[in-house]
Novice: 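I am attaching a structure below and will ask some questions about it afterwards.
Each ligand, and each atom within it, is numbered from 1 in the order the structure gives. Each residue takes its place number in the sequence, starting with 1.
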Amino acid sequence: MRIRIFLLFSFIVFSAFSKTLFLFDVDGTLTLPRQKVELSMLDKLQELKDAGYSLALVGGSDLTKIKEQMGEDVGNRFDYVFAENGLVAFKNSALINRASIKDYLTNQQLNEFISFCLHYIADLDIPTKRGTFIEFRNGMINVSPVGRNCTQEERIAFNQLDKEKHIREYMIEILQKRFAHLNLRFSIGGQISIDVFPQGWDKTYCLRFLNDFDTILFFGDKTASGGNDYEIFTSSRTSGQTVCGPEDLMKKLDELLKQAE
Ligand code: M1P
């Protein structure tokens with residue numbers, strides 16, 4: 001831990017002479033899960049910009065959800081916006097990449113996978129099921145046992161139940177075995193769902209657009225193995241910091257800004 005912090009501070013000092021990018025996860029890092037960003041966080045990000053740093057965010061969510069949380073003007077606040085791990089990517093608000101899982105799996109494979117998930121969820125014995133159990137995005141499929149259109153209260157209740165009963169972990173085990181031949185990655189991203197995408201289409205995917213930077217400081221909350229920040233956190237291209245929510249992130253940014261003065 002100490003070594004990580006030391007490395008991070010060294011990077012900041014080094015960054016006076018190099019191009020540094022601050023790269024943030026969204027849910028649980030810049031915002032509380034699926035909540036709107038606080039004004040104080042936007043001010044802190046502006047401070048970083050004013051200090052000459054470039055800013056980027058990378059989320060598993062699609063652009064619509066990222067805009068709901070970070071504001072319609074997210075493209076002006078961040079130099080890079082990576083939705084769906086960067087499968088849909090913007091630089092200075094201009095689209096620079098759009099990849100589709102439809103180019104990776106055949107229609108038959110997609111149908112088999114989706115039907116299997118729906119059958120599995122139908123047979124699940126959980127107290128609450130709502131709607132939108134499958135959300136088909138560009139670069140990934142998002143699978144939710146409770147259903148994405150649950151209320152905030154139902155979301156929290158499912159998350160609590162999942163912590164006790166490991167509903168998503170078991171589902172992942174089954175999916176991994178059943179669809180091993182498709183070379184997919186299953187990741188527990190947020191509170192109610194599982195992100196499914198081809199191997200390598202995790203958050204490290206966005207790094208291919210960041211070759212101009214000598215230093216990439218990444219901040220995320222799900223950095224442990226199995227979490228959706230794990231690969232980018234452990235990538236040799238980034239210097240990673242684990243945060244436990246937006247408040248913790250603000251503190252860490254304050255410390256880094258002080259060190260850089
Ligand atoms: O950004 C983290 C995750 O946010 C949502 O997760 P959930 O709805 O389960 O809390 C989803 O958009 C998910 O894809 C994303 O990884």
Novice: Would Lys91 and Tyr80 count as a cation-pi pair here, with the cationic atom under 6.0 angstrom from the ring centre and within 45° of the axis?
Specialist: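 Pair Lys91/Tyr80 does not count as cation-pi.
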
Novice: Pick from Leu57, Val37, Val26: which one makes a side-chain contact (heavy atoms from CB on, under 4.5 Å) with Val74?
Specialist: Leu57

Novice: Treat each ILVMFWY residue as a node, draw an edge where side-chain heavy atoms are under 4.5 Å apart, and state whether Met171 and Leu184 are in one component.
Specialist: yes

Novice: So for atom CD, which belongs to Gln152, do other residues, nucleotides or ligands contribute more than 12 heavy atoms lying within a distance under 6.0 Å?
Specialist: yes

Novice: Residues two or more places apart in sequence or in another chain: which of them pass side-chain hydrogen bond (donor to acceptor under 3.5 Å, both in side chains) with Glu154?
Specialist: Arg130, Thr151

Novice: Report all protein residues having a heavy-atom distance below 4.0 Å to some atom of ligand 1; order the list by chain, then number.
Specialist: Asp27, Gly60, Ser61, Arg137, Asn142, Arg148, Arg155, Gly189, Gly190, Gln191, Ile192, Ser193, Asp195, Asn228

Novice: Under a plain distance cut-off of 3.5 Å, with no hydrogens placed, do Gln199 and Arg185 share a side-chain donor-acceptor pair?
Specialist: no

